[in-house]
Amino acid sequence: MTAKLHGAVVRWFATEARDLPWRDPRCSPWGVLVSEVMLQQTPVVRVLPVWREWMERWPRAADLAAESPGEAVRAWGRLGYPRRALRLHAAATVIATEHDGELPDSEDGLLALPGVGGYTAAAVAAFAFGRRASVVDTNIRRVHARLVSGDALPAPALTAAERRLAEALLPDDDATSVRWNAGVMELGALICTARSPKCSMCPVADECAWRAAGEPPPSYVPKGQAWHGTDRQVRGAIMAVLRGASRPVPRVVLDGLATAEPVTAEPVTALTEGSATSPELARLHALAPAPEQLERCIAGLLADGLAVELTGGLALPH
DNA sequence: CATCCGTGGCT
DNA sequence: TAGCCAAGGAT
């Protein structure tokens, strides 16, 4: 019953898939893992250049493990959620020291790595090792919701029913299951998008339960992600300062930025000479965080290991 | 299980 | 333009 869907999606994927470097058969499992972690909540177009830099600089897990975690965070750049860089570095260390430099090829083995959850473990097992694994990401969930369940959007959180459905739809043989996973994911990314899906270009539009039902609206309103004034925004601004700093950033500089006292570009430059570029400091200052928020954010970054306290000030971890 | 955690392109 | 939202994971 699902054979028709399998054929349609696999054929569509064969001709319409984007030519992404981590899909190259010559890409190593390590390269696939790096791509999957970078792609967690970050769009492909922004990952591409950073992934290339990482692969050139750290072609094997052991190469990254030999670096300091701070270098990983700095090379992560502005991909967002920098703790992912930290966990990727930790995963590289585990791979280098406990797995002789080779990635585990089973879902369970992958799942044990830092920063690797259910999605990433299944994705690497499938895309790097050709295993039959049930990959469930936001794209696949959305396609399943529309195509099979007739809903405009998947539930707010992954449900057991969705896992069962994904497993039930997964082709039996390894090779087809890999193409199905990749194809459904690509379909969700390019055609069956969250907003304004391109149904006229969909290879399985005729089988879509959501279309058959007259494209009913979502049964709930997704709540947006708060940003302005949040700790995340302040943490991000602090991290940008630390990434741009070639030496520890004195606490007095950071603390001074939280005050209402205007800070001119001149003294900022003088205080942080050689330790940070002024655009990053200016951005943090423009946020005008309350002293307690700034303190809370710094404490959070220290607790997360994204920053360390030195006598000279705050810096990326060594 | 809900919340927290960055960033910037797109509509 | 202001929001929406993207190949999630950890707690």
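The sequence lines fix the lettering, A, B, ..., with proteins before strands; numbering per chain opens at 1. Below, each value reflects all heavy atoms present in this structure, side chains not excepted, and no hydrogens, waters or symmetry copies.
Classification of A/Glu36 and A/Arg84 as a salt-bridged pair fails, no side-chain N sitting under 4.0 Å from a carboxylate O. The residues A/Glu280 and A/Arg283 are annotated as not salt-bridged, no charged nitrogen and carboxylate oxygen being separated by less than 4.0 angstrom.
Closest to the side chain of A/Tyr81, out of C/dG9, C/dA6, B/dC5, is B/dC5. Taking every side-chain heavy atom of A/Arg78 into account, B/dT7 is the closest of B/dG6, C/dA6, B/dT7. Distances from the side chain of A/Pro222 to the nucleotides C/dA7, B/dG6, C/dC5 place C/dC5 closest.
Residue whose closest nucleotide on DNA chain C sits further toward the 5' end, between A/Arg83 and A/Ala194: A/Ala194. Where A/Leu158 and A/Gly80 meet DNA chain B, the nucleotide closest to each residue was compared, and A/Leu158 sits on the side nearer the 5' end. DNA chain B is contacted by both A/Gln233 and A/Ser196; A/Gln233 maps to the nucleotide lying nearer its 5′ end (nearest heavy atom per residue). Comparing A/Pro114 and A/Val44 by the nucleotide of DNA chain C whose heavy atom lies nearest to each, the residue mapping closer to the 5' end is A/Val44.
For C/dA7, the OP1/OP2 oxygens have no side-chain nitrogen or oxygen of A/Gln40 closer than 4.0 Å. Under 4.0 angstrom from either OP1 or OP2 of C/dA6 there lies no side-chain N or O belonging to A/Arg46. Checking the phosphate oxygens (OP1, OP2) of B/dC5, no side-chain nitrogen or oxygen of A/Arg84 falls inside 4.0 Å. Using a 4.0 Å cut-off, no side-chain N or O of A/Lys223 falls inside it from OP1 or OP2 of C/dG3. Proximity of A/Thr42 to the phosphate of C/dA7: no side-chain N or O atom is located under 4.0 Å from OP1 or OP2. Look at A/Arg243 and you'll find a side-chain N or O under 4.0 angstrom from OP1 or OP2 of B/dT7. One finds a side-chain N or O of A/Arg142 lying less than 4.0 angstrom from the OP1 or OP2 phosphate oxygen of C/dA6.
In this structure a side-chain-to-backbone donor-acceptor pair under 3.5 Å is present from A/Glu186 to A/Arg18.
B/dC5 and C/dA7: their P atoms are spaced 22 Å apart (whole Å).
Between the side chain of A/Arg195 and the base of C/dC4 there is at least one donor-acceptor pair of N/O atoms closer than 3.5 Å.
Looking at A/Val249 and A/Ile238, their side chains never come closer than 4.5 Å, going by heavy atoms from C-beta outward.
Using a 4.0 Å heavy-atom distance criterion, A/Val135 is classed as making no nucleic acid contact.
Taking atom CG on A/Asn139 and atom P on C/dG8, their separation rounds to 7 Å, with Å as the unit. Note: CH2 (A/Trp227) to P (B/dT3) measures 19 Å, nearest angstrom.
For the ring-ring contact (aromatic ring centres under 6.0 Å, His included) test with A/Trp22, the passing option among A/Trp54, A/Phe127, A/Trp51 is A/Trp51; the others fail.
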